[in-house]
Each structure stands twice: as C-alpha cells, then as structure tokens.
Amino acid sequence: MSSRDRVLGRVRRALADVTPDERPYEEAVNRGCLREHGHRTPGQTVELLAENLADYRAIVHRGDAEELPDLVGRLLAGNGSREVLVPPSLPPGWLSAADVARLDDLAESTPHRLDQVDSVVTGCAVAIAETGTIVLDGSPDQGRRRISLIPDHHICVVRVPDQVVSSVPQALERLDPARPLTWISGPSATSDIELDRVEGVHGPRKLEVILLS
Amino acid sequence: MSGTFVGMPAFPEAARDAVRNPTLRGNLRHATHTIRAKRARAVAELDDWPALREAGRRIKDHTLRHLDRYLVQLEESVTAAGGTVHWAADADEANRIVARLVKETGESEVVKVKSMATQEIGLNEALLEEGIRAYETDLAELIVQLGKDRPSHILVPAIHRNRGEIRDIFRAEMGEWGRPAPEGLTDTPAELAEAARLHLREKFLRARVGISGANFMVAETGTLVVVESEGNGRMCLTLPETLISVVGIEKVVPTWQDLEVFLQTLPRSSTAERMNPYTSTWTGTTADDGPRTFHLVLLDNGRTDTLADQVGRQALRCIRCSACLNVCPVYERAGGHAYGSVYPGPIGAILSPQLRGTASEIDASLPYASSLCGACYEVCPVAIDIPEVLVHLRERVVEGGPAVRQGNKVILKPAKGHAAERAAMRAARWTFTRPGALRTGQRLASRTRRLHPRALPGPGRAWSATRDLPPVPAEPFRDWWQRTRGGKDGAK
Ligand code: SF4
C-alpha cells in the first residue's frame with residue numbers, strides 16, 4: 001500500500017464516527033465576520049493606511065505624479081544610494097530625476113549581484129489600511145520576489161486611493177492566488193533578543209512608502 | 001517526535017529544575033506578560049473578534065471532518081501548479097523523503113525557515129546522518145542551534161537566553177558554522193542581530209535548497225502560506241532553486257477566502273501585531289520567480305490517530321499562535337523545556353501525548369501539566385477547549401481504554417497504578433505549592449461547575465469513592481473581590 005493510501009485510509013477510519021454533514025461548504029462555515037472595521041471615506045482609509053504604516057516604522061511620503069520623480073530622487077540620495085534595482089516595467093518617469101545607476105532585474109542576475117545594490121523601487125498590487133500592509137504580486141512594475149528582499153532599502157509607490165483597501169478580506173478578493181504574493185508590513189523585524197524590537201535582520205531595514213495621488 | 005527529547009524526565013521533575021532557574025523565570029515572565037498585554041490591545045481593535053474566532057473554529061472543524069476530500073483536492077491543485085506531492089505516514093518516512101530529495105539535487109547543505117513540523121520529526125538530525133547540514137535561519141532558531149539547545153517557546157524559541165549569553169554563543173560558535181562573529185561584538189540587540197544578518201546572508205546567497213513548513217495550505221488553489229517577521233522565510237522560499245515544504249495534514253483549509261479569517265487572527269494572537277512583517281504565498285512554481293522545483297511532503301505522524309479521538313481531535317485546529325502559552329500560569333513558571341516536546345505549554349500538553357501516545361513517563365505526565373484554569377481556552381483563536389482535552393487525556397492515562405495508534409485500534413492499558421498516581425500527585429503537589437497557578441485553577445472549577453462529577457476521575461477516584469465532593473462555589477472569592485472591588489482588571 002502506498003503511503004498516500006495509508007494516510008487517506010487512516011483519515012477515513014478516524015472519521016467513522018462523524019455523522020455525514022453534506023451541507024455545502026458555504027453553509028457549514030458561514031461566517032458573520034465584517035468586511036471592514038468601521039466606516040470610512042476613501043480619504044480616511046488612506047489616512048489610516050499612512051498611520052498604520054508609520055506605526056510599524058515604515059516611512060511615509062506623499063506626492064502627486066509631478067512631484068514623484070524629485071521625491072524618489074531625494075529619497076535615493078538621502079539613503080546614499082549609488083545603484084538602484086528596477087523591475088521590468090516601472091513607469092518611466094519615476095526614476096527620471098534620480099541620479100543613480102540603474103540595474104535591471106534580469107533572470108540571470110545572481111543573488112550575489114543583487115546583494116551589491118543599495119535600493120529598489122517598486123509599485124504594489126494593493127495596500128491594506130487596517131493593518132498597514134502593502135502587497136506585491138510580481139507584476140511588471142513590482143518584479144520578482146527577490147528584488148524587494150535583498151537590497152536594504154525599499155521604496156514602494158502606492159497609488160491612492162485606487163490601490164488602497166480597508167481590510168484583509170477586501171485585499172484577498174483583489175489578489176490572484178496563482179501569483180507569488182508578498183505581504184509587507186513595515187521593515188523586517190525581530191524581537192527574539194529579550195523582546196527588544198530590532199529592525200532588519202534579513203529583509204530591507206528601511207521601507208519607504210510613497211502615497212501617490 | 002524528535003529524538004532530542006528522548007529521556008526527558010517527566011514534567012514535574014523538569015519543571016522543578018526550571019522553576020529554580022532565575023534567568024529563565026525572569027525572561028519568561030517578562031515575555032509572557034508583555035505579549036499578553038499587547039495582544040489584548042490588538043484583539044480589541046477588531047470588534048468582530050468573537051465572529052472571527054467562531055469562523056476559525058468552524059473552518060477548521062469542517063476541514064477536519066472532510067479531511068480526506070480536502071487533501072486529495074490539495075494534491076491535485078499543487079500538482080496542477082507545478083509542484084510534486086509526497087505523503088509521509090510517520091517521521092522516518094518524511095525524513096527519508098526529504099533526504100532523498102536533497103540528495104537528488106546533489107547538495108549537502110540546506111537553509112531552513114523555522115518549522116515546528118520538521119522539528120517534530122527531528123529532520124535536522126536525520127539529515128545530518130545522511131551527511132546533509134541544515135542551517136536554521138530564524139534568529140532565535142540560530143541562537144538555539146548554535147547553543148546546541150532546544151527551543152522553549154513557539155514564538156520566541158530562545159526566550160530562555162539573555163543578551164549576554166547570546167553574545168557568548170555567537171562569539172564561540174559562529175565561526176564553526178560559517179562567517180564568524182565580528183570582532184568586539186557587544187551584547188546590544190542591534191549588534192547581535194547584525195552579526196546574525198551577516199552570518200546568515202552568506203548562507204542564503206549560496207543556498208540551492210530551502211526547507212520550510214507552512215502555516216496554511218489552500219486546497220482550492222494549491223497555495224501555501226508562510227507567515228513570519230524577519231525575512232529569513234522569504235529568503236528560504238525565494239532564493240533556492242529547490243524548495244521542500246514539510247507540512248502537517250491538518251494545515252489545509254478549503255478556500256482562498258478562508259485566509260481572511262486566519263490572516264486576521266493569527267498575527268494578533270501571536271505577536272500581538274496587526275499584521276506580521278512578512279507573509280509569502282506561493283502556488284506551485286512560477287517561471288523565473290522563486291524556486292524552479294517545489295516539493296510538498298504531507299505529514300501524518302500521529303495526526304490521524306489524534307483525529308480518531310472524538311474529544312482530542314479539536315487539538316488539530318491549532319494554528320500555533322502561542323497565545324495559550326503566554327497566559328498559562330504553569331508555563332510561565334516551568335518554561336518550555338519542561339514539556340519535553342516541540343510543542344510546549346497548554347497546546348503541547350494536549351498535542352504531544354496525542355501525537356506520540358502516552359507510553360513514556362513524560363507523555364503520561366503532560367496532561368497533568370496544567371492547573372485547568374481555562375485561560376488558554378479563552379485566548380485560543382480557534383476555540384480549542386484545552387481543559388476539556390486535558391481532563392479527557394488524564395482519564396485515558398489512568399483508566400486506559402480504546403485509542404488509535406499508527407492507524408490501528410488498540411486498547412490502552414491503564415498506566416501502572418502507582419506510576420500514574422505518582423505522576424498525577426507530583427504534578428498536583430507542584431501546582432498546589434504555587435498560589436498563582438492554583439488561583440486560576442479555581443476559576444476553571446467554577447466555570448465548569450455544572451460539569452463536575454460527583455466523584456473524582458482518575459487517581460482521585462479511590463479517595464472520592466468514600467466521600468462526597470464539596471460543591472464548587474459559583475465564583476471564586478478572588479474573582480468576586482476583583483469584580484466588586486478591583487475593577488481595573490475586570491475587562492481582561
Ligand atoms: S491551542 Fe489555540 S492558543 Fe494555543 S497555540 Fe494553538 S491556536 Fe494558539
């Protein structure tokens with residue numbers, strides 16, 4: 001007997017006492033949970049996002065399309081970055097005012113090469129106000145998972161209010177599970193040493209979020 | 001479970017040593033109280049918490065009662081997404097599968113993200129026997145591994161170590177495993193974390209095989225989910241060419257939408273955060289992004305035996321948030337090591353004896369490692385009635401009875417009279433000399449008053465056979481005092 005059959009057989013025998021519940025899943029797990037917590041206007045939702053991002057030590061900036069290139073340039077300069085990693089199709093204007101070398105993320109770039117880069121700039125798929133979370137789904141303006149992981153400084157641009165939802169349930173509805181998703185809430189952190197919070201054990205130590213209106 | 005724990009003394013002895021260790025007690029107290037208070041705040045932010053908890057319970061129960069169907073569906077979706085599914089009936093089989101998969105890549109080292117399932121089966125030791133080195137990459141697990149030690153908390157496994165000890169371990173051991181600790185390393189947490197970052201990054205960047213567990217698996221889509229804080233999870237899930245995930249069969253949930261419940265309850269219950277810093281989901285393999293080969297090893301190892309127990313099966317709902325540890329008065333004093341298993345605290349006291357059976361002295365004593373105060377039930381985000389299972393398992397230890405072991409029906413013999421009684425009485429004495437534990441114990445006695453038998457179960461039976469048990473008051477005095485006078489704590 002294969003282990004598969006053995007395990008499934010054990011499961012079935014273990015459940016012999018369970019009276020068949022043929023109610024459909026939707027009915028059996030019918031849940032009265034809220035779709036969002038509290039009522040907010042789109043503007044208030046963006047405010048909450050900003051607040052919760054900051055609470056988890058992301059640095060929040062705001063700007064419109066016109067201001068964006070300068071802002072990105074300033075943030076990169078402020079970080080002392082000499083080289084920035086770029087996903088396959090970042091909107092062309094975003095880095096137009098940045099005085100840094102650009103490294104395109106190519107399939108052949110090794111982790112070692114990416115480790116030499118100072119910063120990365122990406123867009124995002126959706127941002128969750130109630131938790132202060134940005135979600136990347138590997139779209140061309142966000143790139144592969146690794147690029148937002150290895151450099152120590154991540155600048156993420158969120159289009160407000162379109163890309164902002166209130167809650168986790170609303171975010172899941174918008175996301176495609178077939179894509180590789182990365183949910184990011186603040187910079188990498190650990191509290192493993194006497195519960196003191198330390199930022200950046202492995203992921204980027206600095207997360208800057210630009211709310212683009 | 002892991003060979004690491006073989007030969008552990010039974011809970012009362014191990015606990016007695018732990019109670020005498022002031023570092024351990026101090027750290028534990030600090031940790032459990034800090035997390036506990038923060039958690040209450042994080043939970044209070046969601047006004048539908050009771051609904052979320054109920055939904056979590058229902059989703060897990062529904063999945064467990066149709067577990068065969070959902071596992072088959074999961075296998076199909078993972079396969080369709082480009083992954084390969086393996087089934088392991090027990091620890092040995094899982095270890096053999098993983099060792100074979102690693103060898104097929106030609107590699108002799110792997111990076112690991114903290115996973116209780118792999119710890120449960122003793123994977124690192126098994127791989128070492130096959131000449132494969134497994135590097136733990138979670139900071140706390142690194143501290144534990146370098147210190148040749150065992151984890152003591154689900155969430156903060158190195159909570160029994162303070163910063164000075166960690167610095168000494170890093171200085172002495174890092175060089176043995178890879179990049180040594182920087183010269184002049186001090187004991188500030190930031191410097192220690194930086195040393196770990198440099199040490200581990202070297203490993204991440206060259207690693208070709210990653211091993212993980214998973215917090216959830218979605219049957220409908222074949223998606224796996226890992227929830228973490230540091231980014232070592234992302235490193236292990238992203239950079240290697242081959243990813244092997246070892247996951248208990250109880251981790252499956254039916255639909256993508258189900259995650260909305262657990263991604264709200266897990267972080268808040270666990271680290272008391274609105275959301276943990278990183279959550280990664282992956283569905284099979286994706287061209288050019290992440291590992292090119294993905295293997296999922298579905299692990300039984302006692303889970304189906306647990307499923308066969310009508311009272312005990314609810315333990316399989318556990319999402320390993322560790323909230324029950326942080327409220328447990330016994331755990332707070334005894335520490336995680338006293339439980340002699342990967343799963344410490346209240347959940348460990350019911351899960352380990354079910355996964356492993358109650359043949360050993362440590363497992364037979366675990367159901368007594370509790371004051372039955374009920375705090376663990378109150379905080380559990382999937383509403384596992386831990387006290388109910390504890391009482392059930394105590395009866396099982398003392399009276400024996402039908403059970404399932406490795407898929408076969410067996411009749412357990414009562415634990416040899418004296419041994420069981422000794423274990424129980426030692427545990428009782430241990431609890432009764434600790435007023436905090438006793439106080440909360442009384443609270444449960446009130447809460448479950450209508451369920452109380454006229455006679456004591458288990459070893460108490462002989463004593464109560466000739467006596468009537470005094471009725472339990474509706475409310476313990478201390479609760480009444482707090483409610484009517486104290487007030488401040490009333491909301492907790
Ligand atoms: S038993 Fe409940 S509270 Fe304890 S770790 Fe599991 S889910 Fe969390």
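Reminder, nothing fancy here: chain letters follow the sequence lines and each chain counts from 1. Hydrogens, waters and symmetry mates are skipped; everything else that's a heavy atom, side chains included, is used.
In this structure, chain A has no heavy atom under 4.5 Å from any part of Glu228(B). If you measure heavy-atom distances from Val198(A) to chain B, the contacts under 4.5 Å come from the side chain alone. Contacts of Asp258(B) with chain A are made by both backbone and side-chain atoms, with heavy-atom separations under 4.5 Å. Only the side chain of Val261(B) comes within contact range of chain A, judged by heavy atoms closer than 4.5 Å. For Arg4(A), the parts lying near chain B are the backbone and the side chain together; criterion is any non-hydrogen pair under 4.5 Å. With a 4.5 angstrom heavy-atom cutoff, Ala28(A) touches chain B via backbone and side-chain atoms both. For Phe262(B), no part lies under 4.5 angstrom from a heavy atom of chain A. For Thr238(B), the parts lying under 4.5 angstrom from a heavy atom of chain A are both the backbone and the side chain. Both the backbone and the side chain of Leu175(A) have a heavy atom closer than 4.5 Å to some heavy atom of chain B. With a 4.5 Å cut-off on non-hydrogen atoms, Gln310(B) touches chain A through its side chain but not through its backbone. Only the side chain of Ile166(B) comes within contact range of chain A, judged by heavy atoms closer than 4.5 Å. Using a 4.5 Å cut-off between heavy atoms, Ala89(B) contacts chain A through both its backbone and its side chain. Using a 4.5 Å cut-off between heavy atoms, Glu75(B) contacts chain A through its side chain alone, with no backbone atom that close. Contacts of Thr223(B) with chain A are made by side-chain atoms alone, with heavy-atom separations under 4.5 Å and no backbone atom involved. For Arg35(A), the part lying near chain B is the side chain, with the backbone staying farther off; criterion is any non-hydrogen pair under 4.5 Å. For chain A, the nearby parts of Leu46(B) are the backbone and the side chain; heavy atoms of each come within less than 4.5 Å. Only the side chain of Glu93(B) comes within contact range of chain A, judged by heavy atoms closer than 4.5 Å. Looking at Tyr56(A), the atoms closer than 4.5 Å to chain B (heavy atoms on both sides) all sit in the side chain, from C-beta outward. Within the 4.5 angstrom heavy-atom criterion, only side-chain atoms of Leu71(B), from C-beta onward, approach chain A. Contact annotation for Ser229(B): both backbone and side-chain heavy atoms come within less than 4.5 Å of a heavy atom of chain A.
The number of heavy-atom neighbours closer than 6.0 Å to CD of Glu36(A), taken from other residues, nucleotides and ligands shown, is above 12.
Side chain of Gln163(A) to backbone of Val158(A): no donor-acceptor contact under 3.5 angstrom is found. Panel note: side chain Trp256(B), backbone Leu172(A); a donor-acceptor pair is recorded below 3.5 Å. Of the possible polar contacts, one joining the Arg40(A) side chain to the His37(A) backbone as a donor-acceptor pair under 3.5 Å is found. Within the 3.5 Å criterion, the main-chain N or O of Ala178(A) finds a donor-acceptor partner in the side chain of Asp176(A). The main-chain N or O of Asp5(A) is found under 3.5 Å from a side-chain atom of Ser2(A) such that the two form a donor-acceptor pair. The backbone N or O of Ala42(B) lies less than 3.5 Å from a partner atom in the side chain of Arg268(B), making a donor-acceptor pair.
A salt bridge links Arg62(A) with Glu47(A); the closest basic N to acidic carboxylate O contact falls under 4.0 Å. We find that Arg205(A) and Glu194(B) are joined by a salt bridge, their nearest charged nitrogen and carboxylate oxygen being less than 4.0 Å apart. Look at Asp55(A) and Arg274(B) and you find a salt bridge, because one of the NZ, NE, NH1 or NH2 atoms lies within 4.0 Å of a carboxylate O, short of that distance.
In this pair, His62(B) and His66(B) present their aromatic rings tilted. The plane angle is within the 30 to 60° band.
Of residues 117-134 of chain A, those residues lying under 4.5 Å from chain B by any heavy-atom pair are Glu130(A), Thr131(A), Thr133(A).
Each of Ala55(B), Pro277(B), Gly231(B), Ala193(B) has some count of heavy-atom pairs under 4.5 Å with chain A, and the biggest count is that of Pro277(B). Between chain A and the options Ile159(B), Asp68(B), Asp47(B), Leu198(B), heavy-atom pairs under 4.5 Å are most frequent for Asp68(B).
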